[in-house]
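Report on one structure; see the data block that follows.
Per chain, numbering begins at 1; letters A, B, ... match sequence-line order. Being a predicted model, the structure only gives us computed values, none of them experimental.
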Number of protein chains: 2
Amino acid sequence: MTDLFQASAPLARGATLGDQVTEVLRHNVVSGAWPVGSMLPSETTLAQDLEVSRTVVREAVSRLKAEGMLSSQQGRGAFVSSDRPQMGFAIDKQDVESLRKLSHILELRMGMEIEAAAFAAERATDAHRAEIQAAADMFDNAETGASGVSEGVEADLRFHRAVSDATGNDYYLGLFNYLGASLRETMLAGRLKAVERGGNSRDAVAEHHDIAAAIAAGDSDLARDRMRLHLQLSGQRLLGNLRQIKAGDA
Amino acid sequence: MTDLFQASAPLARGATLGDQVTEVLRHNVVSGAWPVGSMLPSETTLAQDLEVSRTVVREAVSRLKAEGMLSSQQGRGAFVSSDRPQMGFAIDKQDVESLRKLSHILELRMGMEIEAAAFAAERATDAHRAEIQAAADMFDNAETGASGVSEGVEADLRFHRAVSDATGNDYYLGLFNYLGASLRETMLAGRLKAVERGGNSRDAVAEHHDIAAAIAAGDSDLARDRMRLHLQLSGQRLLGNLRQIKAGDA
DNA sequence: GTGATACATCTGTATGACAAGTTGTCAATA
DNA sequence: TATTGACAACTTGTCATACAGATGTATCAC
């Protein structure tokens, strides 16, 4: 049953075996390979196929039981009870600590914010545009001035939230708020390292201004492109800084 | 440390030891006995005090870690990370009944799936491509043949899920699963009306094939464009059908 | 004081064993 | 034939032990 592994990319360094097996099992459920109501292979079988101890398999199963994705009964087996998290779409708090998962979260953010920028360009009211501009200026001051690192992150988040708000679509705003909250601490750590290395966030300031200009001009295609570029670059910057941190630890 | 037990209510029959210990630990957190940030007693200590094996304690801790209430680190210990369950991104079930909110949900889906199509074109494995093609064919058969309405919706969802899966990014897959599940009933109602009006979903079949071809060719820009077009058109079709239903009701 | 080293302690993982519960088989029985 | 009941073959639940790997701390040398 090596095909259990086929879809799982090389797993994050530092992730425990329990984390890894949890991901494999979860993927088998959400991908539909194990439909809702179906029975899982026994823990012993899974342990053999995945080449880990039964201890690790039980750890993974117990987590997914806590999420409501699996249920088990002594003597019968374990079953898929739901193919989605009980409480909507959620990101595990520890996931942002794994660079691979973090990059995936950033990818999702990209998909969502690129289109948000386009909607914002089409629909932003004067008030929205003013807030976007204000957030861009605040970010500018925070980065070029002598403000603390925290102010920079907050201004950054404020800008992106303003763009999401300007879509006039509360789901964009809601999803951004959730992703932003999940990323806040990590962004803070990254920016801290950036400052230590001499600071490289002036690019981000210019990118914010460019996006704000495109939205103000009502050019949705341009807003899309500039947002894409900005998120690609800032994602690379963040991941680069975090890699420095992890390397420094070792 | 018998006071660990003092506040625990009589536990349900059939509850495993793991369930019981989970409740004890959870109570110690929410009651404030173990403040946020504090360190838990070691697993060995807890096992002794609670008179269970370390296995059971680990089971309980792993569940609470999955809930985001605890976090642990090898060599350091386990800590209280939050005294309340984390809330994710959620869509109210009644929102899909409002046409305006529904169109907003579809917009969010667009943002997410357009970029997913691009990632899929870049990263899809042979297995992914085969599944996408199979889902497109299944949709084809369901729409051109004499299958039920439900099969069509399921095949439609399967196609889009396959694309999300092909990103290799479980957050795209997870968000799609959530949005798809939220939309399933509404899509069913819309397609029912479409069939009643003479059927207009052959366009969607062709669009699916077009998308599949773009992904198979590895052309991410084309995949993006075609997915955007498809979601725009199918969104309009769905909303149009639903308006017919609402008009018929009145 | 400072840095290197050894040690104690914690979580993570593996292994083996047994208890407890469920399901299917199959023969004995009415 | 239909039903019962013992039994074997599974499953998950729990325990005990051992060791690996990571971390923090005390200790020693300089």
Evaluation steps, salt bridge (Lys or Arg N to Asp or Glu O under 4.0 Å), between A/R202 and A/E207
CA-CA 9 Å; A/R202 299 215 175 171; A/E207 290 157 21; over 6 Å; no

Evaluation steps, side chain to side chain donor-acceptor pair (under 3.5 Å), between A/S81 and A/S71:
CA-CA 6 Å; A/S81 51; A/S71 66; 4.6 Å; no

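In this structure, A/M39 atom CE and C/dG21 atom P are separated by 18 Å, rounded to whole Å. Across the protein-nucleic acid pair, B/R58 atom CZ and D/dT17 atom P stand 18 Å apart, rounded to whole Å. Between B/R76 atom CZ and C/dG12 atom P there is a gap of 12 Å when expressed in whole angstrom units. In this structure, B/Q48 places its CD atom 12 Å from P of D/dT17, rounding to the nearest Å. Atom-to-atom, CZ of B/F79 to P of C/dT9 comes out at 16 Å; the value is rounded to the nearest Å. Here D/dT12 presents its P atom at 16 Å from CD of A/E59, a figure rounded to the nearest Å. Here D/dT14 presents its C1' atom at 15 Å from CD of B/E51, a figure rounded to the nearest Å. Between A/Q20 atom CD and C/dA14 atom P there is a gap of 10 Å when expressed in whole angstrom units.
B/Q73 comes within 4.0 angstrom of the backbone, heavy atoms only, and of no base. Across all strands shown, A/T55 has heavy atoms under 4.0 Å from base atoms, whether or not it also approaches the sugar-phosphate.
Residue whose closest nucleotide on DNA chain C sits further toward the 5' end, between A/R54 and A/L17: A/L17. Map A/S53 and B/G75 each onto its nearest nucleotide of DNA chain C; the residue landing nearer the 5' end is B/G75.
One finds a salt bridge joining B/R63 and B/E59 here, because a Lys/Arg side-chain nitrogen approaches an Asp/Glu carboxylate oxygen to under 4.0 Å. With salt bridges taken as basic N to acidic carboxylate O contacts below 4.0 Å, one links B/R191 and B/E143. Residues B/R123 and A/E107 are paired through a salt bridge, judged by an N-O separation under 4.0 Å between the basic side chain and the carboxylate.
Applying the 4.0 Å criterion to OP1 and OP2 of C/dT11, one finds that B/K65 has every side-chain N and O outside that range. Applying the 4.0 Å criterion to OP1 and OP2 of C/dT9, one finds that B/T44 has every side-chain N and O outside that range.
Considering only side-chain atoms of B/Q74, the nucleotide from D/dG13, D/dA22, D/dT11 that sits closest is D/dA22. Listed nucleotides: D/dC15, C/dT13, D/dT12. Nearest to the side chain of B/V52: D/dC15.
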